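In listed order, ligands and their atoms are each counted from 1. These numbers come from a predicted model, not from an experiment. Only heavy atoms go into these numbers, but all of them, side chains included; no hydrogens, no water, no symmetry mates.
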Amino acid sequence: MAVSRGFTFVLAVCCYAAAVALLASADASSDFLKCLAAAEELGLPSQLVVARGASPSLFTSVLASSVRNPRFLAPGTVRPVCVVTPTNASHVQAAVLCGRRHGRSVRPEVFALVDLASLRAVRVNRRAATAWVDSGATVGELSYAVAKADPGLAFAAGLCPTIGVGGHFSGGGIGMMMRKYGLSVDNVLDAVVIDANGRLLDKKAMGRDHFWAIRGGGGESFGIVLSWKVRLLPVPRTVTVFNIWKTTQGAVDAVTKWQTLAPALPDELTIRVVVQSKQALFQSVYLGTCDQLLPVMSSRFPELGMTRADCREMSWLQSTMYINSGGASSTPVEELLNRTTSLDAFTKNKSDYVKKAISKASWEKIFPWFDVTGAGLIILEPHGGRGGRVNTIADGDTPYPHRSGVLYNIQYIAFWPTTAPAAVPHWIKNVHGFMEPFVSSKPRAAYVNYRDLDIGENAVAAGGATSYESGRVWGEKYFGAANFRRLALTKGKVDAGDYFRNEQSIPPLVTTN
Ligand SMILES: *[C@@H]1O[C@H](CO)[C@@H](O)[C@H](O)[C@H]1NC(C)=O
Ligand SMILES: *[C@@H]1O[C@H](CO)[C@@H](O)[C@H](O)[C@H]1NC(C)=O
Ligand SMILES: *[C@@H]1O[C@H](CO)[C@@H](O)[C@H](O)[C@H]1NC(C)=O
């Protein structure tokens, strides 16, 4: 049916370029390139530097290989001067040092891109239930490596297999196990970072604030994180998944009830909702068997009408594939290792958090926004939990503040074919505007991993660094006021010169007392 076709299409583009770090602008780009060319002395082989001017077609293919949203390739989009593709830590250090020598700039249109895609090893320690994963690995590669080492272990992360670990962890990492185990960053134990001075630091050398900031403060502000040590989490050999569609009035009733029910369900049970084409798809992963799940569903959520026929029992690894592919159970788990993303649709995302359930009457007005097949959709991800972690960790323990009192996150996704102009359709701004009375306010919170430049961009202050005041506009929405201030103070300590920066990087705040 048309609806599921539209849906599969979206899932096929599911993911964004996260394994990429940007260096600050290079003043005289030619000096910067000369430095990189001479950087063999620093240990950076010249074949790992691809300059835009020197070999345009190679440059485009290297750039495209890590792009997840074709808007980054559309005409008129800023292109870096070069892409550096390091294969070890020394190469990253050399790139950072060249940028430092030649990179104090007021010309933000000129920059280098460090593509970490080749740094993607996953080393699992089964006995300790930990793993070291490099930033350039994808979430699919991490899940696969962990489950192959021990099917009784897993990691808490988002569903899209082609998301880069580096970007995903840098912003928090919400997913289908966060109610029981927390976000990805709640399970990060150590990390290796190249800082703005080209130094290689682990957790101990970084110090408390720096290690706090990289676990949710957004990518590209606090250095280039090369690897992460993570805690692995126990999962049963058999988990149970279902996909249940509800149409028209049944959809409105079920979503209305779901809002307060889903955050209060047992921590082992996560049900998220996709609203598209005036229908609602309830997608669930339960860390247990169908026999255990059925009585919970019939007593707590009879409106969904779930029966044994809806249950699919499988391994946890298969469940990530199943939910992500919209229920295509025949897809082999090896597809999780496929790093290629289809680039045939432009996308634009926005987000919200809901703390107070939206009334049924309001949902009746919200559903008609999703009447055009394929134009866009929302995904609702439940927070909450009883002994769970996403909501019991304090709002200031990591930069991700959307914890206690949050019922669910809303992700708005617009997508449109690359044969159309790259300009973002009005639909997504309009639906986001319509939702304002129903969602969190003062500030209207947003999830940093669903980057949205509409909520504010940095302005450059007199000293040449981005200004704290301009950053507060968007930063307090992503991190809350207290966390944003701590992030800015930390930036002031570790990168006062604002070397690592972009439109929404953390501005340095240096206090004189
Ligand atoms: C928006 O979200 C979808 C689904 O999670 C993803 O495929 C897409 O890459 C995202 N786009 C952007 C611009 O973040
Ligand atoms: C990285 O590779 C270069 C050769 O390209 C080598 O000289 C250097 O020692 C390597 N560094 C590390 C940390 O392995
Ligand atoms: C990997 O994914 C891409 C994009 O979805 C697809 O075109 C390609 O066929 C896949 N490769 C394999 C080996 O399945």
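- You'll find the ring centres of Tyr400 and His402 inside the 6.0 Å limit.
- In terms of modelled atom types and a separation under 3.5 Å, the side chain of Arg179 and the main chain of Pro263 share a donor-acceptor contact.
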Go ahead and list the nitrogen or oxygen contacts between ligand 2 and the protein that come in under 3.5 Å, distances to 0.1 Å, or just say none.
unit_1: ligand 2; atom_1: 2 (O); unit_2: Asn88; atom_2: ND2; d: 2.4
unit_1: ligand 2; atom_1: 2 (O); unit_2: His91; atom_2: NE2; d: 3.2
unit_1: ligand 2; atom_1: 5 (O); unit_2: His91; atom_2: NE2; d: 2.9
unit_1: ligand 2; atom_1: 11 (N); unit_2: Asn88; atom_2: ND2; d: 2.9
unit_1: ligand 2; atom_1: 11 (N); unit_2: Ser90; atom_2: OG; d: 2.6
unit_1: ligand 2; atom_1: 14 (O); unit_2: Asn88; atom_2: ND2; d: 3.3

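- Not a single donor-acceptor pair under 3.5 Å links the side chain of Tyr408 to the backbone N or O of Lys355.
- Distance CZ/Arg403 to CG/Asn391: 9.0 Å, rounded to 0.5 Å.
- Between Tyr450 and Tyr478, the ring centre distance reaches or exceeds 6.0 Å.
- Heavy atoms of Gln411 found under 4.0 angstrom from ligand 1 belong exclusively to the side chain.
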Practice prompt. Go through the steps for Trp427 and Phe370 under the test ring-ring contact (aromatic ring centres under 6.0 Å, His included), then give the verdict.
Written response: CA-CA 10 Å; Trp427 175 84; Phe370 303 92; 5.6 Å; yes
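- Distances below 4.0 Å separate heavy atoms of Ser342 from the following atoms of ligand 3: 4 (C).
- If you number the atoms of ligand 1 from 1 as listed, the ones under 4.0 Å from a heavy atom of Thr347 come out as 8 (C), 9 (O), 10 (C), 11 (N), 12 (C), 13 (C).
- Checked against a 3.5 angstrom limit, the closest N/O atoms of Glu335 and ligand 3 fall inside it.
- For Glu334, the CD atom sits in a packed shell: over 12 heavy atoms of surrounding residues, nucleotides or ligands are nearer than 6.0 Å.
- Close approach to Asn349 involves these atoms of ligand 1, each under 4.0 Å from a residue heavy atom: 1 (C), 2 (O), 3 (C), 8 (C), 10 (C), 11 (N), 12 (C), 14 (O).
- Annotation: side chain of Ile428 is in contact with side chain of Lys350 (closest heavy-atom distance under 4.5 Å).
- Short contacts between ligand 1 and Asn69, defined as distances under 4.0 Å to a heavy atom of the residue, involve ligand atoms 13 (C).
- Judged by the 6.0 Å and 45° rule, Arg501 forms no cation-pi pair with Tyr499.
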